[in-house]
Each structure stands twice: as structure tokens, then as C-alpha cells.
Amino acid sequence: MKVPSAKISSDTNKEELAQWDSLAHLNLVMALEQTYEITLDVEDFDRLVSVPAIVTHLERQGVY
């Protein structure tokens, strides 16, 4: 998303970042899959709209 890390916190969500559009979201999902060697279901995409939601999902997957 090309967002400075200082702008991202443990509670950042999609609404706070103008750069977090649909294409950026897809890229984020693909990066999560590659980084954590997981496969995300399409149903998960709509839920992964904040840092806390992503962390919770990764914890449930046992990879974070």
C-alpha cells in the first residue's frame, strides 16, 4: 500500500487508510498467503479489514 509504517498501528483499519482500496486489499490478502503459507477463503476477504481482524485470523490459523 506504500504507507509509512508509522501510520499503521495495532488498531488500524481499512477506513483509516485511503490507500487501502480493493486492489490493495487483494494484494494484502495474497501477501498474507505467501508470507504465512496459508490459503484464505474468499469468505475471509471481507473480514480481514483491520489489523486486529488479520491478527485474530492468523492466530486462529496457528501461524501468528
Side-chain angles (χ1 to χ4, degrees):
M1 288 186 225
K2 299 181 182 179
V3 176
S5 59
K7 288 189 112 184
I8 300 175
S9 70
S10 61
D11 62 342
T12 299
N13 63 59
K14 184 177 179 178
E15 287 75 34
E16 295 173 5
L17 298 174
Q19 298 92 330
W20 195 336
D21 59 14
S22 58
L23 180 57
H25 189 67
L26 181 58
N27 287 331
L28 173 62
V29 168
M30 291 186 331
L32 290 169
E33 289 181 321
Q34 288 179 331
T35 300
Y36 293 101
E37 298 179 353
I38 60 173
T39 301
L40 295 168
D41 295 327
V42 174
E43 296 83 29
D44 297 326
F45 290 20
D46 289 339
R47 290 187 283 252
L48 303 177
V49 294
S50 68
V51 171
I54 292 167
V55 170
T56 297
H57 187 80
L58 295 174
E59 289 173 341
R60 287 183 184 147
Q61 295 287 314
V63 295
Y64 185 80

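The first residue of the sequence shown is numbered 1, and numbering continues consecutively from there.
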Checklist entry - Under the side-chain contact (heavy atoms from CB on, under 4.5 Å) criterion, do L58 and I38 qualify, and how do the steps go? => result CA-CA 9 Å; L58 295 174; I38 60 173; 3.7 Å; yes

Next on the checklist: Tell me if a side-chain donor or acceptor on N13 pairs with a main-chain N or O of E16 at a distance below 3.5 Å.
Outcome noted: yes

Checklist entry - Looking only at atom types and distance, does a side-chain atom of T12 sit under 3.5 Å from a main-chain N or O of S9, one as donor and one as acceptor? => result yes

Checklist entry - When rounded to the nearest 0.5 angstrom, what is the spacing between CD in Q19 and NZ in K7? => result 6.0 Å

Checklist entry - With a 4.5 Å heavy-atom cut-off, do V49 and E15 have their side chains touching? => result no

Without placing hydrogens or testing angles, list every side-chain donor-acceptor pair under 3.5 Å for residues 40-48, not counting sequence neighbours.
from: D44; atom 1: OD1; to: R47; atom 2: NH2; distance (Å): 2.7
from: D44; atom 1: OD2; to: D41; atom 2: N; distance (Å): 3.0
from: R47; atom 1: NH2; to: E43; atom 2: O; distance (Å): 3.4

Next on the checklist: For W20 and L28: C-alpha separation, side-chain torsions, deciding distance, then whether side-chain contact (heavy atoms from CB on, under 4.5 Å) applies.
Outcome noted: CA-CA 9 Å; W20 195 336; L28 173 62; 3.6 Å; yes

Checklist entry - Can you find a pair of side-chain heavy atoms, one from Y64 and one from I54, that are under 4.5 Å apart? => result no

Checklist entry - Which heavy-atom pair separates A24 from D21 by the least distance, and what is that distance? => result N-OD1, 2.8 Å

Checklist entry - To the nearest 0.5 Å, how far apart are CG in L32 and CG in N27? => result 11.0 Å

Next on the checklist: Taking atom CD as the centre, does E59 end up with more than 12 heavy-atom neighbours from other residues, nucleotides or ligands that are less than 6.0 angstrom away?
Outcome noted: yes

